[in-house]
Amino acid sequence: MATIQEVPQHVPAQLVYDFDYFLAPVGREHPQVEVARELYAKAPPIFYTPRNGGHWVIVRYDDALDVSKRYDLFSNATEFNEERKAYPRMPPIEYDPPEHTKFRKVLGPAFAPTAILNMSGDIRRLAVELIKAVSGSGRCEFVSEIARRFPVAIFMKMVDAPEEDREFLLSLAEKFLRAPLMADRKKAKTEMGNYLARLLDERAQNPGDDILSLIATAGLEDRDLTEEEKVGLATIVFFGGLDTVLATMSFIFHYLGKNPEQYSELVENPALIERGLEDLIRVHSTNCTSRGASHDFEYKGIQFKTGDQIMFLRPVIGIDGARTEESESVKFDRNSSTHLAFGAGVHRCIGSYLARIELRIFLEEWMRRIPEFRVDHVEMLGGIVWSPGTLRLSWNVANTSQ
Ligand code: HEM
C-alpha cells in the first residue's frame, strides 16, 4: 500500500478522502461502477488523497470537462508535474498551448480518418489471426493472448518496428503505466526514448511511409524539431496507443462474457455495435491522467498551490449519474453516449478514431467466430490505466466457426 503523505496546510480536512488509485480496482467485479458508488456516496466531488505522493481527484463529469479546458490553471507542462520530469519530454501531451498546438499538427496526418481507414484491412487481418489462434482450443487468457498483442501488432505495423522487439516494448509500456515507484516509471520512459531514437535515426536516413518516418522528417512551422522533440513525439504515440486499448478491450470482453444476453443481442444484430460500443467505452473508461497547478489560485472555492497534482478519475467519471441516465448500465440504444474516456479540450485523444476502429473490427470478427463465451476468472489492476490483469474466457468449440 502506498505510504501516506502529510496533508498540506492549504487542504481543509473536509476535502481529504483516503483513496489509492493503484488499489481501488483490485478485487472488484466491475471497478468503475463499484468505486463510483463508493466515491459518490462518501467523498467530496473534488477531494484530496494523501496516497501516492498526495494529489487531488476529480470524479464528476462537469468538473472534469471544465478543468480539461482550463489549461491556464491546470497545466500539462513538465515543470508543474513531477511525474513528467524525465527524458524525453513528450509533445504534445506534456505541453500547454500555444506550443501544444504546433506539435499536435505534426501528428495530425497520421491519425486522420482517411489514414486510419486505409489501415482497416491490416487491422482486420491481425484481429482474425489472433482469434483463429485461440478459437479451436475453447479457452484463452484474453489479456496475454489477445489484448496485449492486438494493439502492439497494430502499432508495430504503423511504425514498421521489427517483430522480435514486441515483448521488450510491451514490458516497457507496462512498467511505465503500472510500476508503483515513480523512479521506475521514469526509467521506462527513458528506455523507450532511447529505443525509438535509434529507429528514428534509421528512418531519417532512409524514410518510408510509416509514422516514425513522418516524425523523423517533420518540422514545425517556424523551425526544425529538436532530436528530443522527435523522440518524445514517437514515445507518446507508443505509450498512448498500447495499454489504453489493451485495457478497454479487456474490460469490454469481461463485461460481454458476464452479460450473455447482451452479447447475443450484438451477435444477432451487429448493426448495434456502432452505438453499443460507445456506451461500452463509457462504462469501461480506464485512464487517470493528471494536471499540475501552474500557480496559486482558487477554483470552485478550493485553494490550489503551485505544483498540486489534479487527477481525472475517468473510470468513475463515466458513471456520473448527473450526466447519464441509468449511468451504471450499458445500453445499446442510447441516442448518444457522452463520456470523457478519450479526454476533452486540447489534449483530447488524437488516437480515438483508430481506437474505435480497432475495437469495432475486433468485436465484429470475434462475434462471427465465437458466438457465445463466458468468464472463468478475472483479476483487476489499478494504476494510471485501470485494467483486467488476467481474464480467462472459455466457450464451446462446437459453436465456433473459422
Ligand atoms: C481505447 C483507447 C484509448 C483511450 C481510452 C485513450 C485515452 C486518452 C485520453 C484520456 C487522453 C487525454 C489525456 C489527458 O488529457 O491527460 C489521450 C490522449 C492521447 N492519446 Fe489516447 N487513448 C486511447 C487510444 C489511443 C491510441 C490508439 C493512440 C495512438 C496510437 C493514442 C494516442 C494519444 C495521444 C498522442 C494523446 C495526446 C494528445 C494531446 O496531448 O494532444 N491514444 N488518450
Side-chain angles (χ1 to χ4, degrees), residues 32 58 64-65 67-71 74-78 80-81 83-84 89-108 110-112 115-116 119 123 147 150-159 161 169 173 177 210-212 214-215 232-253 277-278 280-292 309-315 317-318 339-363 384-387:
Q32 288 86 348
I58 295 180
L65 186 62
V67 167
S68 301
K69 292 176 180 168
R70 295 299 307 270
Y71 52 81
F74 302 99
S75 168
N76 264 18
T78 43
F80 307 116
N81 293 275
E83 179 87 30
R84 299 187 193 274
R89 183 169 181 178
M90 297 192 295
I93 191 83
E94 294 182 343
Y95 287 79
D96 296 323
E99 289 88 354
H100 165 271
T101 321
K102 297 183 204 163
F103 290 124
R104 187 157 166 134
K105 269 192 195 155
V106 174
L107 294 182
F111 290 99
I116 302 302
M119 290 173 54
I123 295 175
F150 185 49
V152 177
I154 292 162
F155 173 81
M156 293 183 71
K157 202 141 202 92
M158 282 176 89
V159 302
L169 297 177
L177 291 159
D210 61 285
I211 188 167
L212 287 186
L214 176 105
I215 294 169
L233 277 162
T235 307
I236 183 59
V237 171
F238 179 78
F239 284 130
L242 289 186
D243 216 56
T244 46
V245 174
L246 178 164
T248 308
M249 70 193 288
S250 300
F251 270 125
I252 289 176
F253 273 78
L277 184 59
E278 215 46 44
L280 283 161
I281 292 172
R282 175 185 66 80
V283 173
H284 299 100
S285 301
T286 61
N287 188 302
C288 315
T289 53
S290 294
R291 300 287 186 265
Q309 299 296 293
I310 302 99
M311 171 177 280
F312 300 107
L313 199 64
R314 293 193 185 87
I317 290 166
H339 59 75
L340 298 178
F342 293 112
V346 294
H347 294 286
R348 196 180 178 287
C349 179
I350 199 168
S352 61
Y353 192 78
L354 170 62
R356 286 190 176 99
I357 296 258
E358 290 180 28
L359 296 170
R360 181 167 59 73
I361 288 179
F362 189 88
L363 188 51
I384 296 170
V385 178
W386 291 10
S387 177

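Indexing begins at 1, ligand by ligand and atom by atom, following the structure's order.
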Which donor-acceptor pairs under 3.5 Å do side chains of residues 341-348 form with protein atoms, sequence neighbours excluded?
{"residue": "His347", "atom": "ND1", "partner": "His100", "partner atom": "NE2", "Å": "3.4"}
{"residue": "His347", "atom": "NE2", "partner": "Asn76", "partner atom": "ND2", "Å": "3.2"}
{"residue": "His347", "atom": "NE2", "partner": "Tyr95", "partner atom": "O", "Å": "3.3"}
{"residue": "Arg348", "atom": "NH1", "partner": "Ser352", "partner atom": "OG", "Å": "3.3"}

### Message
Once you measure the plane-to-plane angle for His284 and Phe251, does it fall in the parallel (<30°), tilted (30-60°) or perpendicular (>60°) bin?
### Response
parallel
### Pairs meeting criterion salt bridge (Lys or Arg N to Asp or Glu O under 4.0 Å) with involvement of residues 350-359, two or more places apart
Glu278-Arg356
### Task
Could you please provide the protein residues found below 4.0 Å of ligand 1 on a heavy-atom basis, arranged by chain and number?
Pro92, Ile93, His100, Arg104, Phe111, Ile236, Val237, Gly240, Gly241, Thr244, Val245, Thr248, Asn287, Thr289, Arg291, Arg314, Ala341, Phe342, Gly343, Val346, His347, Cys349, Ile350, Gly351, Leu354, Ala355
### Message
For Ser290, is there any backbone N or O sitting under 3.5 Å from a side-chain donor or acceptor partner on Gln309?
### Response
no
### Query
With sequence neighbours left out, what residues match Ser75 under side chain to side chain donor-acceptor pair (under 3.5 Å)?
Asp96
### Check: Ser68/Arg291 side-chain N/O donor and acceptor closer than 3.5 Å
no
